[in-house]
Student: 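My structure is below; once you've seen it, I'll send some questions.
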Number of protein chains: 2
Amino acid sequence: MTENHHQPLEGKECHKHLLSVRDALDVLNGKWKIPIIIALSFGNYRFKELHRAIGITPKMLSKELKDLEMHELVVRNVYSTNPVSIEYSLTPYAATLRQVIESLDKWGEQHRARVMKKTTA
Amino acid sequence: MTENHHQPLEGKECHKHLLSVRDALDVLNGKWKIPIIIALSFGNYRFKELHRAIGITPKMLSKELKDLEMHELVVRNVYSTNPVSIEYSLTPYAATLRQVIESLDKWGEQHRARVMKKTTA
DNA sequence: CATACTGGTTTCCTAAAGGAAAGCAGATCA
DNA sequence: TGATCTGCTTTCCTTTAGGAAACCAGTATG
């Protein structure tokens, strides 16, 4: 804490990390991608189910699902039932996000608790 | 993967997680908060240093630093040198984000590698 | 035949994110 | 006395995110 003054910060290992998180955030940006992935981690669900459970508008849901498909995190499954039913599911690749989502979840939970305590005090 | 069809998804543990990540994302939203925290994890830095190292505009940097201060993740230190110098540093609370940032960093790095491999192939 | 469900799309709108550039006060340096 | 650095702020602008509501085709179901 005291006198933690610095090397120049330019041209350092720092930039490698900045680049990595930028790449990650380019995929996970916005309000909805992580919530959608979380919901689908509980099972495969249909469009309207996701819409209702997450509280996302159909327009955004449609767009975000396409983005997630593009990044190979989600798959759209069409079943030839009658009538056709459609389900979204996570790809195996989405499982690589587990640590990200778990730590975010955990942090959010404790942060909420911390904020509650402060505002109540 | 096959037949992972679902319980209703409503009123379940899922919502707890949705709530937590929403709380986390409310604090860490946008393109810049995490990059700023990463930079400051390498030491305390001044406004223009951050501006140059991260490639963020002064307007955004100013705004994001205020947000981060508000959430008690960053502190603005004014030193009575002559002339006054100002440094930003992380609070101890910011350390609780370590897992979040590390996993995001790691995921971004491997994701970049994966994408590179695909586009080259 | 009417109603309702699914899986979306479309249109309209507002607000927020974010960049570019200029400016500004205070101090220092030549 | 200019020029230059710092730590910002201000203005102007474009893009994106996101919500609300309506709509639509296809398939039921009553």
Side-chain angles (χ1 to χ4, degrees), chain A residues 5-6 8-10 18 21-37 39-40 43-71 74-89, chain B residues 5-6 8-10 18 21-37 39-40 43-71 74-89:
Chain A
H5 205 86
H6 50 230
L9 186 57
E10 318 273 349
L18 291 177
V21 301
R22 231 182 339 109
D23 289 337
L25 293 178
D26 281 349
V27 173
L28 302 175
N29 58 27
K31 201 178 166 180
W32 297 115
K33 266 144 205 149
I34 304 216
I36 290 169
I37 293 172
L40 290 176
N44 304 346
Y45 290 98
R46 308 175 67 163
F47 191 90
K48 296 251 168 165
E49 288 177 311
L50 291 170
H51 157 60
R52 282 189 282 259
I54 308 180
I56 183 177
T57 61
K59 188 186 76 171
M60 285 308 292
L61 180 54
S62 176
K63 189 215 162 208
E64 299 291 76
L65 285 171
K66 279 170 188 161
D67 286 357
L68 291 170
E69 269 191 83
M70 220 178 40
H71 292 295
V74 160
V75 172
R76 182 180 187 265
N77 308 285
V78 183
Y79 297 109
S80 311
T81 50
N82 207 303
V84 246
S85 66
I86 295 168
E87 270 185 15
Y88 292 90
S89 57
Chain B
H5 203 85
H6 51 227
L9 186 56
E10 317 274 349
L18 291 177
V21 300
R22 229 180 342 106
D23 289 337
L25 293 178
D26 281 349
V27 173
L28 301 174
N29 58 26
K31 200 178 167 180
W32 297 115
K33 266 145 206 149
I34 303 216
I36 289 169
I37 293 172
L40 289 177
N44 303 346
Y45 291 98
R46 309 175 67 163
F47 191 89
K48 295 251 166 161
E49 289 177 310
L50 291 170
H51 157 60
R52 281 189 283 258
I54 308 182
I56 184 177
T57 62
K59 190 187 72 171
M60 285 308 294
L61 180 55
S62 176
K63 188 215 162 208
E64 299 291 77
L65 285 171
K66 279 170 188 161
D67 286 357
L68 291 169
E69 269 192 83
M70 219 178 39
H71 291 294
V74 160
V75 172
R76 181 179 188 265
N77 309 286
V78 182
Y79 296 110
S80 310
T81 51
N82 207 302
V84 245
S85 66
I86 295 168
E87 270 186 14
Y88 291 91
S89 58

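Below, read A as the first sequence line, B as the second, and so on, with proteins coming before strands; counting in each chain starts at 1.
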Student: Taking all heavy atoms of B:Arg46 and all of B:Ile86, pick out the closest pair and write down the distance.
Tutor: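 Closest approach of B:Arg46 to B:Ile86: CG-O, 3.4 Å.
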Student: Measure the distance from CD on B:Glu64 to P on D:dT9 and round it to the nearest whole Å.
Tutor: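 That distance rounds to 13 Å.
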Student: Expressed in angstrom and rounded to an integer, what is the separation of B:Ile56 atom CD1 from D:dT9 atom P?
Tutor: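 For the pair B:Ile56 CD1 and D:dT9 P, the rounded distance is 13 Å.
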Student: Quickly work out the B:Leu25 CG to D:dG18 C1' distance and round it to whole Å.
Tutor: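 Those two atoms, CG and C1', are 15 Å apart.
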Student: Output the rounded distance in Å from CE (B:Met60) to P (D:dT10).
Tutor: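 Taking atom P of D:dT10 as the reference, CE of B:Met60 is at 16 Å.
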Student: Starting from C1' on C:dA20, measure out to NE2 on B:His51 and report it in whole angstrom.
Tutor: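 Taking atom C1' of C:dA20 as the reference, NE2 of B:His51 is at 11 Å.
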Student: Which heavy atom in B:Ser89 sits nearest to a heavy atom in B:Asn44, and how many Å separate them?
Tutor: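 Distance-wise, the nearest heavy atoms are CB-OD1, 3.1 Å.
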Student: Minimum heavy-atom separation for A:Tyr88 and A:Asn77, please, with both atom names.
Tutor: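 Minimum heavy-atom contact is C-ND2, 4.1 Å.
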Student: Of B:Ile54, B:Ile56, B:Leu40, which meets side chain to side chain contact (heavy atoms under 4.5 Å, CB included) against B:Pro35?
Tutor: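 Among B:Ile54, B:Ile56, B:Leu40, the one meeting side chain to side chain contact (heavy atoms under 4.5 Å, CB included) with B:Pro35 is B:Ile54.
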Student: Looking at A:Glu64 and A:Ile36, what are the two nearest heavy atoms and their distance?
Tutor: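 Reported closest heavy-atom pair: CB-CD1, 3.6 Å.
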Student: Less than 4.0 angstrom between a side-chain N/O of A:Asn82 and OP1 or OP2 of D:dA28, yes or no?
Tutor: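 True: A:Asn82 side-chain N/O within range (under 4.0 Å) of D:dA28 OP1/OP2.
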Student: Indicate for each nucleotide in nucleotides 6-11 of chain C, in 5' to 3' sequence, whether protein heavy atoms under 4.0 Å reach the base (B), only the sugar-phosphate (S), or nothing (-).
Tutor: BBBBBB
Student: Under 4.0 Å between a side-chain N/O of B:Lys31 and OP1 or OP2 of C:dG19, yes or no?
Tutor: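 Looking at the OP1 and OP2 atoms of C:dG19, one of them is under 4.0 Å from a side-chain N or O of B:Lys31.
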Student: Roughly how far apart are B:Leu28 CG and B:Leu68 CG, rounded to 0.5 Å?
Tutor: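 It is 8.0 Å, given to the nearest 0.5 Å.
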Student: Starting at CG of B:Leu61 and ending at P of C:dA20, how long is that distance when rounded to a whole Å?
Tutor: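 Rounding to the nearest Å, CG of B:Leu61 and P of C:dA20 are 15 Å apart.
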Student: Rounded to the nearest 0.5 Å, what separates atom CG in B:Asp67 from atom CH2 in B:Trp32?
Tutor: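 Rounded to the nearest 0.5 Å, the CG-CH2 separation comes out at 14.5 Å.
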Student: If you compare every side-chain N and O of A:Trp32 against the phosphate oxygens of D:dT16 (OP1, OP2), does one of them come in below 4.0 Å?
Tutor: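 Checking A:Trp32 against D:dT16: no side-chain N or O falls below 4.0 Å of OP1 or OP2.
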Student: Just how far, in rounded Å, is C1' of D:dT16 from NZ of A:Lys33?
Tutor: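 About 11 Å, once rounded to whole Å.
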Student: In whole angstrom, what separates B:Asp26's CG from D:dA17's P?
Tutor: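 Going from B:Asp26 (CG) to D:dA17 (P), I get 17 Å.
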